[in-house]
Number of protein chains: 2
Amino acid sequence: MKGMELAENLARRPGRPLSFDRAAALHQAMLLFWENGYETTSVAELTKAMQITAPSLYTAFGDKERLFLETVEHYQTGTTGTALGLIRKASTGREAASNLLLESAVAFTGRDTPPGCLLASSAATGSAAAAGVRAALTSIRRQIELALRRKTACDMKAGRLAPETDVAALAAFTVATIQGMSVAARDGADRKKLERIAYTALAAWPG
Amino acid sequence: MKGMELAENLARRPGRPLSFDRAAALHQAMLLFWENGYETTSVAELTKAMQITAPSLYTAFGDKERLFLETVEHYQTGTTGTALGLIRKASTGREAASNLLLESAVAFTGRDTPPGCLLASSAATGSAAAAGVRAALTSIRRQIELALRRKTACDMKAGRLAPETDVAALAAFTVATIQGMSVAARDGADRKKLERIAYTALAAWPG
DNA sequence: CCTCTTTCATAGCACTCATTACGAAACCCA
DNA sequence: TGGGTTTCGTAATGAGTGCTATGAAAGAGG
């Protein structure tokens, strides 16, 4: 929600209004970061894809880092719904994992988007200058893992899961497999292959 | 083996010999690529870590791309032994997967190396200029997956595995989980956590 | 209309990028 | 001790990096 502050402040204020569709430009930026990664996407490439000039980018989005972080938010509120939402909606940890895995298989092989997961691939490594961006992505991954672990821990407390079950490992394993599915997608795996990976992973879940 | 050609040609030829330890410099380059990624590691950083000047780097290793590809070879012939070797040594697909998963947990949390897997993280995304490097890494991942699939297919032919088993999915799943373990390691997971992920993944294997 | 505020496009900032001339220095072989 | 060959350190190349100063233009309110 933080990135929206800039967008809100930009709307309805005196002076010349933005001459371009801010949301559309943000979407184009997301696609480019998704495809090429954070540090390895230049501002010149961004302005070309967004069809705006560099000063416009800076007045509308702050700088490259803030633009990226806002694309991450845009990504998380995308069509498939947020990962946390999928977990919340599920009634059991296993169902949450199933939703996450199968939705990932779909999202990572979208027709109108690059392959894989923006959160997984756009800043896997990088220079010290991009440490903040990497930390932000790590934080998101941790949130998802934590939510899944809590959901699964509820199952154990409710007696739906054997007490010796390693719920933390199940959550970490599921998130890890999803990250790996992103790599597979970037390596050319199609939706069917990702779904078979997802179903295989689900076999590790008790119940 | 291809990168060795340059190294072989460099040895025992007329003129002034190299004044530095080529293998040691290569190792330092590997550590830096491992930590920061291919495109996001500059030649200046490389020369500093390798303790050589830029012209020395270029005469000894060709250019940045060939240096990286040679570090990848060096990585694959590292202390843990190659992934393909682990698969070959195993007597069943499940044992191969177990070896891969558990060795990865160790290798991704080494004391003297950056976290995660060089093959997984150093070029997850990037500009078009680095497409060749990404393709090389993709090829390696495919080789490992293929070897694991073949090993597992043998189990099925030998009757050790139910005929309806999806061996391709098992192999793809296992490689994907390993890639995800690399992400987890970079997110700060310790060896114990990776091992618990590995054991959980193993539960998806029949037998 | 005028004023105020903001965005616009042009152009350029200082800096870093990968890569390489250049001449001096070091080694092998004769 | 020479010639031949190569690497050495210094310094620089052109291109690209993220980012911004500048003045003109566009809107809103009076």
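By convention in this document, chain letters (A, B, ...) are assigned in the order of the sequence lines, proteins followed by strands, and residues within each chain are numbered from 1. What you see below is based on every heavy atom in this structure, not just the backbone, and it leaves out hydrogens, waters and symmetry mates.
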Distance, rounded to the nearest Å, where Glu45(A) contributes CD and dC17(C) contributes P: 17 Å
Exam field: side chain Ser98(A) to backbone Arg94(A), donor-acceptor pair closer than 3.5 Å: no
Listed partners of Arg88(B) passing side chain to side chain donor-acceptor pair (under 3.5 Å), at least two apart: none
Aromatic plane relationship, His74(A) with His27(A) - under 30° parallel, 30 to 60° tilted, over 60° perpendicular: perpendicular
Phosphate OP1/OP2 of dA9(C) contacted by Thr53(A) side-chain N/O (<4.0 Å): yes
Protein-nucleotide distance (Leu57(A), atom CG; dT6(C), atom P), rounded to Å: 19 Å
Length of the CG-P vector between Leu67(A) and dC19(D), whole Å: 10 Å
Approximate separation, where rounding is to 0.5 Å, of Asp187(A) CG and Gln179(B) CD: 7.5 Å
Short side-chain N/O contact to dT17(D) OP1/OP2 from Ser42(A), under 4.0 Å: yes
Rounded interatomic separation in angstrom, taking CD from Glu39(A) and C1' from dG16(D): 15 Å
Length of the OH-P vector between Tyr38(B) and dC17(C), whole Å: 14 Å
Value in whole Å for how far the C1' atom of dC17(C) lies from CG of Asn36(B): 15 Å
Value in whole Å for how far the P atom of dT17(D) lies from NZ of Lys48(A): 12 Å
Check: Thr174(B)/Trp205(B) side-chain N/O donor and acceptor closer than 3.5 Å: yes
Nearest-neighbour nucleotide for the Ser19(A) side chain, dC8(C), dT7(D), dC17(C) considered: dC8(C)
Presence of Ser56(B) side-chain N/O under 4.0 Å of dC8(D) phosphate oxygens OP1/OP2: yes
Sugar-phosphate only, base, or nothing, as touched by Ser127(B) at under 4.0 Å among non-hydrogen atoms: nothing
Any donor-acceptor pair under 3.5 Å from Ser139(A) side chain to Ala135(A) backbone: no
Sugar-phosphate, base or nothing in reach of Thr47(A), heavy atoms under 4.0 Å: nothing
Atom-pair distance (CD on Gln51(A); P on dT7(C)), nearest Å: 20 Å
Where protein sits on nucleotides 19-30 of chain C, one letter per nucleotide: B base, S sugar-phosphate only, - none, heavy atoms under 4.0 Å: BBB---BBB---
From Ile178(B) atom CD1 to Leu101(B) atom CG, the distance as rounded to the nearest 0.5 Å: 4.5 Å
